[in-house]
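One structure is given below, encoded as structure tokens.
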Amino acid sequence: MEEVKQKRNRKLSKDQWTAIAFLIPSVMLIFIFVYGFIGWTGYVSVSNWNSLVPDFSFAGLKNYIYLFNDFRFQSDLRNTLFFTILFIGFVIILGMGIAVLLDQKLKGESFFRNIFLFPMALSFVVTGVVWQWLLNPSTGFNQFLSVFGIKPKWYTDTNILAGYEWGSIEFGLPVAIIAVVIAAVWQMTGFSLAMYLAGLRGIPDELREAARIDGASEFQIFRRVILPMLMPITMSVIIIMAHISLKIFDLIYAMTGSGANFVTDVPGVYMFETTFRGNYYANGAAIAIIMLLLVAIFIVPYLWNSRKGDN
């Protein structure tokens with residue numbers, strides 16, 4: 001009898017059936033247009049379709065081997081690595097620093113907050129066009145800097161800092177990528193500012209007062225109390241910014257393109273030009289899969305830890 005009652009209790013209610021009915025179309029569309037297309041891209045990436053005429057004969061890992069031996073793709077991986085490190089680092093430092101300043105309950109706080117949040121309302125294409133002019137070696141900031149005898153080349157610079165031979169490229173920090181980092185940080189710092197400001201406002205004042213009573217300095221309070229409590233926000237900012245930087249396309253395409261000697265090129269730009277201009281569909285699909293795997297390296301562990309935390 002008890003087993004029969006348990007089975008009856010397991011029956012779904014009318015509301016649950018309604019929820020399932022509304023979710024099924026969305027789930028089907030996601031499987032078709034997200035996972036289905038990912039599967040199709042993976043299938044094309046191991047084919048010989050590198051012309052206008054489709055050729056789905058199996059090529060194995062030929063396209064991937066070609067990419068990892070390609071000068072341009074090696075440059076892309078180098079540029080993406082340094083762009084990601086600088087981009088995430090400056091977004092976190094500036095966002096947290098400005099949030100701490102605004103948390104001091106200054107007059108006109110909402111005004112300054114809106115100033116820093118405004119760039120987020122722009123698209124990366126607009127940001128790229130604006131900063132392309134501002135950092136143009138012949139115009140923009142250089143008209144002011146030239147008064148002091150300073151004339152940086154910005155995104156046209158082909159120098160590599162601390163470079164050494166790695167594969168077929170010079171591995172080091174491309175000077176030109178710094179210009180792109182400035183534009184990206186300018187746009188996305190407002191996001192981390194909003195996240196950190198919300199986190200700071202969520203820390204009870206009682207904790208800070210208790211630390212002050214125990215004799216802790218303001219720096220010690222920040223390091224021992226505030227920073228640990230902001231760690232979940234920091235992780236969220238890192239994951240979101242890494243997701244943006246690893247698949248970035250529009251900012252660089254509008255601002256610099258691939259750049260001289262590919263010093264500002266990234267996999268997204270390479271994939272676009274390879275697939276839609278060169279008609280090398282298998283190579284373009286291989287680049288897309290590699291980009292997906294790079295993003296998954298950051299996203300999957302984060303989602304897994306979040307799931308464990310919820311359990």
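Computed from a predicted model, the values in this text were never measured in an experiment.
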Crowding at [atom1], [X] (>12 non-hydrogen neighbours, <6.0 Å):
X: Tyr64; atom1: OH; answer: yes
X: Phe124; atom1: CZ; answer: yes
X: Tyr66; atom1: OH; answer: no
X: Phe118; atom1: CZ; answer: no
X: Phe31; atom1: CZ; answer: no

Is there a donor-acceptor contact under 3.5 Å from the side chain of [X] to the main chain of [Y]?
X: Gln104; Y: Val100; value: yes
X: Asp265; Y: Asp76; value: no
X: Tyr155; Y: Gln132; value: yes
X: Ser51; Y: Asn279; value: no
X: Ser47; Y: Val44; value: yes
X: Arg208; Y: Glu218; value: no
X: Asn261; Y: Val263; value: no
X: Asn63; Y: Ser45; value: yes
X: Asp55; Y: Asn50; value: no
X: Trp133; Y: Leu135; value: no

Assigning hydrophobic clusters by single linkage (Ile, Leu, Val, Met, Phe, Trp, Tyr; side-chain heavy-atom cutoff under 4.5 Å), is [X] placed with [Y]?
X: Leu122; Y: Ile182; answer: yes
X: Leu193; Y: Ile233; answer: no
X: Met120; Y: Val125; answer: no
X: Val126; Y: Leu117; answer: yes
X: Leu246; Y: Ile297; answer: yes

What's the shortest heavy-atom distance between [X] and [Y], and which atoms?
X: Gly95; Y: Thr189; result: N-CG2, 3.8 Å
X: Ala184; Y: Leu251; result: CB-CD2, 3.7 Å
X: Ser168; Y: Asn69; result: OG-O, 4.4 Å
X: Ala21; Y: Pro25; result: O-CD, 3.1 Å
X: Thr156; Y: Pro137; result: OG1-CG, 3.5 Å
X: Tyr253; Y: Arg277; result: OH-NH2, 2.6 Å

Are [X] and [Y] close enough that some pair of their side-chain heavy atoms sits under 4.5 Å apart?
X: Asn136; Y: Trp154; answer: no
X: Ile178; Y: Leu173; answer: yes
X: Pro152; Y: Leu145; answer: yes
X: Pro267; Y: Ile290; answer: no

Worksheet item: Does the gap between the ring centers of Phe116 and Phe112 come in under 6.0 Å?
Response: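 Ring centroids of Phe116 and Phe112 are no less than 6.0 Å from each other.
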Fill in: Near-ring test Phe73/Phe262, centroid separation under 6.0 angstrom
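No, the ring of Phe262 stays outside the 6.0 Å limit from the ring of Phe73, centre to centre.
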Just say parallel, tilted or perpendicular for the rings of [X] and [Y], cut-offs at 30° and 60°.
X: Phe83; Y: Phe87; answer: parallel
X: Phe82; Y: Phe171; answer: tilted
X: Phe249; Y: Phe272; answer: tilted

How many angstroms lie between [atom1] in [X] and [atom2] in [Y], if you round to the nearest 0.5 Å?
X: Tyr43; Y: Phe58; atom1: OH; atom2: CZ; result: 10.0 Å
X: Met96; Y: Asp103; atom1: CE; atom2: CG; result: 12.5 Å
X: Lys153; Y: Ser138; atom1: NZ; atom2: OG; result: 12.0 Å
X: Arg212; Y: Leu207; atom1: CZ; atom2: CG; result: 11.0 Å
X: Ile244; Y: Thr84; atom1: CD1; atom2: OG1; result: 11.0 Å
X: Met241; Y: Met188; atom1: CE; atom2: CE; result: 3.5 Å

Item to complete: Evaluate side chain to side chain contact (heavy atoms under 4.5 Å, CB included) for Val266 paired with Val269, printing each intermediate quantity in order.
Response: CA-CA 6 Å; Val266 290; Val269 175; 3.7 Å; yes
Worksheet item: In this structure, which one of Ile252, Ile169, Ile177, Val180 forms a side chain to side chain contact (heavy atoms under 4.5 Å, CB included) with Asn79?
Response: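 One option only clears the test, and that one is Ile177.
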Worksheet item: side chain to side chain contact (heavy atoms under 4.5 Å, CB included) between Phe141 and Trp131: does it pass, once the steps are laid out?
Response: CA-CA 10 Å; Phe141 292 141; Trp131 282 93; 3.7 Å; yes
